[in-house]
K.L.:
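Below you will find the structure I want to go over with you.
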Amino acid sequence: MAERFTKGMARNIYLGGSAFFVLLFLALTFDTQLRAMPERDNRDQLTDQVVRGKHLWEENNCVGCHSIMGEGAYFAPELGNVFDRRGGGNSEVFRSYLNAWMNAMPTNVPGRRQMPNFNLTDDEIDDLAAFLEWTSKIDDNDWPPNIEG
Amino acid sequence: MKYESQKVAMPYFIFALILFAGQIVFGLVLGLQYVVGDFLFPEIPFNVARMVHTNLLIVWLLFGFMGATYYMVPEESQTELHSPLLAWILFWVFAAAGTLTILGYLFVDYARLAELTFNEYFPTMGREFLEQPTITKFGILVVVGGFLYNVMMTALRGRKTVVNIVLVTGLIGLAVLWLFAFYNPGNLATDKYFWWFVIHLWVEGVWELIMGAILAYVLIKLTGVDREVIEKWLYVIVAMALITGIIGTGHHFFWIGPPEYWLWLGSVFSALEPLPFFMMVVFAFTMINRRRRNHPNKAALLWAMGTTVMAFLGAGVWGFLHTLAPVNWFTHGSQITAAHGHMAFYGAYVMIVLTIISYAVPIMRGRPYGNSNTAQVVEMWGFWLMTISMVFITLFLTAAGVLQVWLQRIPESGEAMSFMAGQDQLTIFYWMRFVAGAFFMAGLVVYLGSFFIKGQASPAEEVRGPATADA
């Protein structure tokens, strides 16, 4: 590096540059959270049942195998759109599908990936279904590319 | 080693390496579960093994960063550590809390663990990488806070070098961003947005400051190049890291709810994120070419060069491959993500910790010019075995990812293969990845073995040209 470029100048780029981009990031975060997201995350549908479902999702570490909106583990199918894939967009159909699925686990087919049985009650499975249905309706810029997730 | 209190780094490094070994064991379990689906089921289901694998990584890297800091800061500040006793107490607290948490994952059902740790009153568990019980998260906060206090009391008292300033800013950032781990709203879209404040702003933000500072420190020591030159480079590198990386967070906001402008912002800024990593490569190789001394610790020099190259490939190139929104739309959450994650973490953070260990541990063991030649050769065998294995792990996962995208993502609904049907097609790549993982384990055993090789320590170095006053 040329001698004219001093350490002081390098430090100013570091401090000035990072301060500027921290502030820009905060401004964008305010815009995203306060203006844009209420329009996109269908929060008016965010019921107590959905929140209970989210806690069940967390307390059973579902994200340790599955992905949700593409984030999580890649060992088991994407569940951000499972409401559309397995329920065809119908709440009743999806609820009974999920109930049957959860109670059929594990399949114990030798050599195949196994999902544990989490011993959820029917009400809890309904909560989980409500959470997955709500999640499927977040505007996520049309991801995933197709129904398979 | 100029200050007695630097020695407190030793237990941190030792414990880090023990956890590293544990991480790799569980990595092999996971790799096998990808092909033999019911391996260890129901004793250790995939989600448990994965949680152990990733959490061990995070915790051992934190131990490594703390060890590096305790070693570097007194010498840079030219003063003893504020309180070695506090460093020892925090070591035991962190080691006990970390071990208990991992044992909890392994021996207690996760939902039961949530119940036992009162997660319902302050729910923070069950989110990727933040699976720790809330009480453990508070423990981490206390340990990091105490650590930061100790370090800052030391740094503020003594000489203020750029290495120290950058390192301490990185550590403050690490601590502050950790607070977002406690924010878990019921709205999944908001939860995910702020979750990235911990995950992305750690690994693609403040951790790069820590990496840069450690690299600069080791290069000052090994090459004898004038500190002024190295510090100027360090400032420019960390400036680039933050200028690109902060708005670069947007590449995680494409498909989780935030508005469309993030597609542009995230793509443009994250496409620039390879820059600081590329500069680190140029930095390391230029400084080594201009070296004023031939430090006999060749192994440490190899790690220092290796970490820049592998970080550039893993974080830079493999990150860029799938960071543009139109590409990411197809690849998001596929095995391509896994490929990138493995090489980026290994290249940037595993290798930088092993670099400082390679430099500092021989000194703390009374071998100021490095280990014996035999020990160094064995260590370098470990380096090559682990690094080449990681290259193959990455290549096989990339191949799996490309095929996965081809089968499952690109065709229209109705035509596309289902997730599980697609996975069956990837088996061959998963097997090869497992074999590469076994070679990685072998490399790790060789590497760890190098610590137990005795023999004559390296003799004093040859100095090239006039030695600098501050080396």
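Residue numbers start from 1 in every chain, and the chains themselves are labelled A, B, ... in the order their sequence lines are given, proteins ahead of strands.
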K.L.:
If you define the side chain from C-beta out and look only at heavy atoms, does anything of A:Ile138 sit under 4.5 Å from B:Lys192?
P.N.:
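The answer is no, as the side chains (C-beta and beyond) never meet within the 4.5 Å cut-off.
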K.L.:
State whether B:Asp424 and A:Arg113 are salt-bridged, where the test is any N-O pair (Lys NZ or Arg NE/NH1/NH2 against Asp/Glu carboxylate O) under 4.0 Å.
P.N.:
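Between A:Arg113 and B:Asp424 there is no salt bridge, as every charged N stays at least 4.0 Å from the carboxylate O atoms.
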K.L.:
What distance separates B:Ile256 CD1 from A:Met37 CE, expressed to the nearest 0.5 Å?
P.N.:
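The CE atom of A:Met37 is 7.0 Å from CD1 of B:Ile256, to the nearest 0.5 Å.
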K.L.:
Heavy atoms, side chains only, cut-off 4.5 Å: are B:Phe41 and A:Pro116 in contact?
P.N.:
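B:Phe41 reaches A:Pro116 side chain to side chain.
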K.L.:
Please walk me through it: do A:Ile13 and B:Val236 pass side chain to side chain contact (heavy atoms under 4.5 Å, CB included)?
P.N.:
CA-CA 7 Å; A:Ile13 295 176; B:Val236 177; 5.6 Å; no
K.L.:
Could you give me the CA-CA distance, side-chain angles and deciding distance for B:Asn187 and A:Lys54, then say whether side-chain hydrogen bond (donor to acceptor under 3.5 Å, both in side chains) is met?
P.N.:
CA-CA 9 Å; B:Asn187 181 332; A:Lys54 181 172 185 278; over 6 Å; no
K.L.:
Would you mind reporting whether A:Glu71 and B:His332 have side-chain heavy atoms less than 4.5 Å apart?
P.N.:
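B:His332 reaches A:Glu71 side chain to side chain.
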K.L.:
Check whether any side-chain heavy atom of A:Thr32 sits under 4.5 Å from a side-chain heavy atom of B:Tyr261, and report yes or no.
P.N.:
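Sidechains of B:Tyr261 and A:Thr32: in contact.
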K.L.:
Check whether B:Phe129 gets within reach of chain A through its side chain, its backbone, both or neither, counting any heavy atom under 4.5 Å.
P.N.:
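Neither the backbone nor the side chain of B:Phe129 comes within 4.5 Å of chain A.
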K.L.:
With a 4.5 Å cut-off on heavy-atom pairs, point out which of A:Thr135, A:Val51, A:Ile68, A:Val50 contacts chain B the most.
P.N.:
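Heavy-atom pair counts peak at A:Ile68.
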K.L.:
Could you measure the distance from the CD atom of B:Gln33 to the SG atom of A:Cys65? Nearest 0.5 Å is fine.
P.N.:
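With rounding to 0.5 Å, CD (B:Gln33) is 8.0 Å from SG (A:Cys65).
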K.L.:
For the residue pair A:Glu59 and B:Asn119, confirm or rule out a side-chain donor-acceptor distance under 3.5 Å.
P.N.:
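The criterion, which ignores hydrogens and geometry beyond distance, is satisfied for B:Asn119 and A:Glu59.
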K.L.:
Going by heavy atoms in the side chains, are A:Phe20 and B:Ile246 under 4.5 Å from each other?
P.N.:
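Side-chain contact under 4.5 Å: no.
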K.L.:
Quick check for you: among A:Pro144, A:Gly53, A:Ala76, which has the greatest number of heavy-atom pairs under 4.5 Å with chain B?
P.N.:
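Top count of heavy-atom pairs under 4.5 Å with chain B: A:Ala76.
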K.L.:
Does a side-chain heavy-atom distance below 4.5 Å link A:Tyr14 with B:Thr169?
P.N.:
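A:Tyr14 vs B:Thr169: side chains touch.
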K.L.:
Distance check, rounded to the nearest 0.5 Å: B:Ile336 atom CD1 versus A:Tyr74 atom OH?
P.N.:
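Atom-to-atom, B:Ile336:CD1 and A:Tyr74:OH are 11.0 Å apart.
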K.L.:
Any donor-acceptor pair under 3.5 Å linking the side-chain atoms of A:Asn12 with those of B:Tyr235?
P.N.:
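Looking only at side-chain atoms, A:Asn12 and B:Tyr235 do not form any donor-acceptor pair under 3.5 Å.
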K.L.:
Looking at side-chain heavy atoms only, is the closest gap between A:Lys7 and B:Val162 below 4.5 Å?
P.N.:
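When only atoms from C-beta onward are counted, B:Val162 and A:Lys7 do touch, with a gap below 4.5 Å.
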K.L.:
Is it true that the side chains of A:Asn146 and B:Glu415 contain a donor and an acceptor less than 3.5 Å apart?
P.N.:
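Note: A:Asn146 and B:Glu415 side chains miss the donor-acceptor criterion.
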K.L.:
Evaluate the side-chain proximity of B:Met420 to A:Arg112: yes if any heavy-atom separation is below 4.5 Å, no if none is.
P.N.:
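The answer is yes; the side chains approach within 4.5 Å.
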K.L.:
Does the gap between the ring centers of B:Phe197 and A:Phe25 come in under 6.0 Å?
P.N.:
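Between B:Phe197 and A:Phe25, the centre distance is under 6.0 Å.
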K.L.:
Determine the option with the most heavy-atom pairs under 4.5 angstrom with chain B, choosing from A:Ile147, A:Val109, A:Val22, A:Asn141.
P.N.:
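When all of A:Ile147, A:Val109, A:Val22, A:Asn141 are compared, A:Asn141 has the most.
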